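Structure record follows, encoded as structure tokens.
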Amino acid sequence: MSVRVRLAPSPTGNLHIGTARTAVFNWLFARHQGGKFILRIEDTDLERSRPEYTQNILDGLTWLGLNWDEGPFFQSQRLDLYREKIHILLEKGLAYRAYDTPEELDAMREAQKAKGEAPRYDNRHRYLTPEQCAAYEAEGRSAVIRFMIEDDREITWTDLVRGKLSWKGRDLGGDMVIARAASAGDIGQPLYNFVVVVDDIDMQISHVLRGEDHIGNTPKQILLYEALGATVPTFGHAPLILNQSGAKLSKRDGVTSIAEFQQMGYTAEALANYMTLLGWSPPEGMDEIFLLPGAAEKFSFDRVNKAGAKFDWDKLNWLNSQYLHQMPSNQLLELLLPYWQAAGYEFDAVGDRPWLEQLVDLIKPSLTLLQDAVEMSRYLFVAQLDFSAEATTQLQQSGTAAAVQAILTTLESYQPLTSEGIQSLIKQVTSEHHLKKGLVMRSLRAALTKAMHGPDLAQSWLLLHQHGWDRSRLEAALEIAG
RNA sequence: GGUGCCGUAGGCAAAUCGGUAAAGCCACAGGUCUUUCAAACCUGUGUUUGCGGGUUCAACUCCCGUCGGCACUGCCA
């Protein structure tokens, strides 16, 4: 049987890191097995589903490189199929109409809780006579469709990551609602647990790979597969991604949507790499830094961990920096341009290309996030920049003025300035004026970059020089210097 | 409350059928390099596998109990 897996996100929010990680596992599994990865949008909740969320999900998956082979399919367009299946269950006597009002159900659950019992539907409408049904309908009541779950059933399956799992029918909460209320003889909006099964059967899904939060749904769904006369697929439940305090990572924990990670300057490769590591560990001998296709070659659920994984920003950041450091400069430049543009820096992306590439080479080893490039290169883009407090202090130290003056004077004979020129200029200044190299360098840094920390000074100077900014900065520094 | 899952160093984790635990990565500390910060490189700290029993020559691995965490428990997905 061919391997077919699917990702079934609901468009009630932006693509979430948890959903994306599930997507990664599905994609990896499909690629490893030579199977198909299908995308299905679960928009059965008409109230909360939004087209912009669907777009966000599609964009996020695409950005991450998680291309799908079929779809996207939309459940909202498949209602006829669901109705048809519900009719079949109704006719087989496996499902029935229940006329309870929400208030009655609430009261029932309250009473159960008061008695210290687990809240569940007591199946009170399971065997209503046609007369009783008619009476309720005459009252104007609408009915949900409930699927019968026998208390004494035992549902067992072998989970790809957890092994043999077993559930008792009585712990499933009573007969489950598979379609929302609708008036007289109609069938309302079909619900998630039912729709998923119908679709997975229809799309011949062979492996259902999802988050651990769906474990409790699995026995109900298995019952539905049986009722619909279908083969039960293989299930695999991956551990959840946890926040710092160990709870399921949610929107409340700050950044959790893929689009936000993207904006902050994480690369798709690093994020995908990190998400894979959240629950899966590469086999012996395989590096932890890998691209999705490489991981696909080795991926198997044998190596998916059972325990939830805490999200670790430090490690993600480290991974991202690794990708950035290894990236060819011209490629990195393309990623950086939008950040500089957004910061309002003025430059000619085409004409300044050689200069920009030198800049990328300069800051690349220090980047963690693409966003970092904005602050890191500000002194090279912004002409009018205040001296930092530290730089001012440095400039006012004795000897600094002399050093800056000496550099300014010596600079005359080094036009145009080159890398080698800078080195020999500094040598010349230190020896002719009997200045310590450290002082010269610190003075230079303060004057040129207006800060005491930053990328390589000689290269910075060169870039400044190419913009014709070095002389004016040295002169400005002189005014401040004691 | 009920049901289920999980529990190896600060974090991610490895340890194929029970056979010397903590490989590797992040973080942290120190060092090297250097004009600074970062990067890079080197070295190092951290444990007795939540706890208590049991089976066994041998238990992170199996069994029982216990504690803790989390998930689910909806006419949401």
Side-chain angles (χ1 to χ4, degrees), chain A residues 8-13 42-45 47-49 98 100-102 105 109 112-113 115-121 142-146 159 161-162 165-168 170-173 176-182 188-189 191-193 195-196 211-219 237 239-240 242 244-248 274 277-289 302-303 305-319 321-322 325 363-368 372 376 390 394 426 437-446 449 451-458:
Chain A
S10 73
T12 52
E42 311 241 323
D43 54 354
T44 51
D45 186 338
E47 311 243 322
R48 294 195 295 150
S49 295
D100 313 273
T101 64
L105 293 176
R109 292 195 186 97
Q112 289 165 335
K113 276 187 189 170
K115 279 192 282 184
E117 293 172 2
R120 70 187 315 264
Y121 183 59
S142 53
V144 300
I145 309 294
R146 283 189 185 266
D159 195 275
V161 350
R162 277 146 228 283
L165 255 27
S166 182
W167 231 278
K168 294 198 172 51
R170 70 178 61 90
D171 294 325
L172 264 23
M176 65 186 278
V177 178
I178 56 175
R180 278 179 159 150
Q189 180 76 37
L191 260 18
Y192 172 78
N193 268 124
V195 164
V196 169
E212 188 192 326
D213 46 349
H214 283 286
I215 283 191
N217 288 146
T218 307
H237 291 92
L240 299 179
L242 276 20
Q244 285 301 310
S245 36
K248 180 164 80 168
Y274 182 63
L277 255 14
L278 246 23
W280 182 74
S281 60
E284 183 79 44
M286 178 175 167
D287 201 77
E288 275 197 344
I289 299 181
D302 296 349
R303 300 190 72 83
N305 203 47
K306 293 189 185 77
K310 281 190 185 172
F311 192 88
D312 183 354
W313 285 98
D314 282 332
K315 188 151 184 177
L316 205 216
N317 286 339
W318 173 79
L319 253 182
S321 71
Q322 294 302 306
H325 299 170
I363 63 174
K364 183 160 70 172
S366 307
L367 287 178
T368 294
D372 296 342
M376 213 172 273
E390 279 184 322
Q394 173 62 40
I426 290 168
K437 190 183 180 190
L439 174 72
V440 173
M441 296 306 283
R442 285 195 296 277
S443 304
L444 254 181
R445 180 173 288 283
T449 73
M452 291 315 290
H453 306 295
D456 183 83
L457 184 53

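Treat the numbers as computed from the prediction; the structure is a model and nothing was measured. Order of the sequence lines sets the chain letters (A, B, ...), proteins ahead of strands, with each chain counted from 1.
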If the condition is salt bridge (Lys or Arg N to Asp or Glu O under 4.0 Å), which residues does [X] pass it with, not counting sequence neighbours?
| X | value |
| --- | --- |
| A:Arg162 | A:Glu212 |
| A:Arg146 | none |
| A:Asp456 | none |
| A:Arg48 | A:Asp45 |

Reading nucleotides 65-77 of chain B 5' to 3', which nucleotides get B (base under 4.0 Å from a protein heavy atom), which S (sugar-phosphate only), which -? -----SSS-SBBB

I need a per-nucleotide contact map over nucleotides 29-41 of chain B, read 5' to 3'. Cutoff is protein heavy atoms under 4.0 Å; write B for the base, S for backbone only, - otherwise. ------BBBBSS-

Suppose we screen for ring pair (Phe, Tyr, Trp, His ring centres under 6.0 Å). Which residues come up paired with A:Tyr192, at least two apart in sequence or across chains? A:His214

Does the structure show a Watson-Crick or G-U wobble partner for [N], both distances under 3.5 Å? Name it, or say none.
| N | result |
| --- | --- |
| B:G74 | none |
| B:G18 | none |
| B:U61 | none |
| B:G46 | none |
| B:C12 | B:G24 |

For [X] and [N], what is the distance between atoms [atom1] and [atom2] respectively, to the nearest whole Å?
| X | N | atom1 | atom2 | result |
| --- | --- | --- | --- | --- |
| A:Ile289 | B:G24 | CD1 | C1' | 12 Å |
| A:Leu319 | B:G11 | CG | C1' | 13 Å |
| A:Tyr274 | B:C12 | OH | C1' | 7 Å |
| A:Glu117 | B:G2 | CD | P | 12 Å |
| A:Lys306 | B:U49 | NZ | C1' | 15 Å |
| A:Gln112 | B:G2 | CD | P | 14 Å |

A:Glu117 atom CD: more than 12 heavy-atom contacts under 6.0 Å: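 It does: A:Glu117 CD has more than 12 such atoms within range.
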
Taking only residues two or more places apart in sequence, or in another chain, which ones meet [X] in a side-chain contact (heavy atoms from CB on, under 4.5 Å)?
| X | answer |
| --- | --- |
| A:Thr368 | A:Asn317, A:Ser321, A:Asp372 |
| A:Leu242 | A:Leu240, A:Lys310 |
| A:Arg180 | A:Gln189, A:Leu191 |
| A:Ala446 | A:Ala391, A:Gln394, A:Leu395, A:Met452 |

Output yes when a side-chain donor or acceptor of [X] lies under 3.5 Å from a complementary backbone atom of [Y], and no otherwise.
| X | Y | answer |
| --- | --- | --- |
| A:His325 | A:Leu367 | yes |
| A:Ser245 | A:Ala247 | no |
| A:Asp159 | A:His237 | yes |

Can you tell me whether the side chain of A:Glu288 and the base of B:G24 have a donor-acceptor pair closer than 3.5 Å? yes

Which value, in whole Å, describes the distance between the [atom1] atoms of nucleotides [N] and [M]?
| N | M | atom1 | value |
| --- | --- | --- | --- |
| B:C70 | B:A59 | P | 32 Å |
| B:G4 | B:U47 | C1' | 31 Å |
| B:G53 | B:C67 | C1' | 14 Å |
| B:A9 | B:G52 | P | 15 Å |
| B:C62 | B:A15 | P | 14 Å |
| B:G10 | B:G50 | P | 13 Å |
| B:G24 | B:C33 | C1' | 26 Å |
| B:U61 | B:U20 | P | 14 Å |

Any N/O pairs under 3.5 Å between the protein and nucleotides 15-23 of chain B? List them or say none.
| residue | atom | partner | partner atom | Å |
| --- | --- | --- | --- | --- |
| B:A15 | OP1 | A:Arg303 | NH1 | 3.4 |

Classify the nucleic acid contact of A:Leu165 as base, sugar-phosphate or nothing, counting any heavy atom under 4.0 Å across all strands shown. sugar-phosphate

Classify A:Gly279 by what it touches in the nucleic acid, base, sugar-phosphate, or nothing, heavy-atom distance under 4.0 Å.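 Here A:Gly279 touches the backbone only, sparing every base.
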
Would you indicate whether the side-chain heavy atoms of A:Asp312 and A:Trp318 approach each other to under 4.5 Å? no

Between A:Lys168 and A:Leu316, which residue's closest nucleotide on RNA chain B lies nearer the 5′ terminus?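 The residue closer to the strand's 5' end, by nearest nucleotide, is A:Lys168.
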
5'-most by nearest nucleotide on RNA chain B - A:Ala309 or A:Arg162: A:Arg162

From B:A14, B:G24, B:G11, pick the nucleotide closest to the side chain of A:Asp312?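 Closest of the options to the side chain of A:Asp312: B:G11.
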
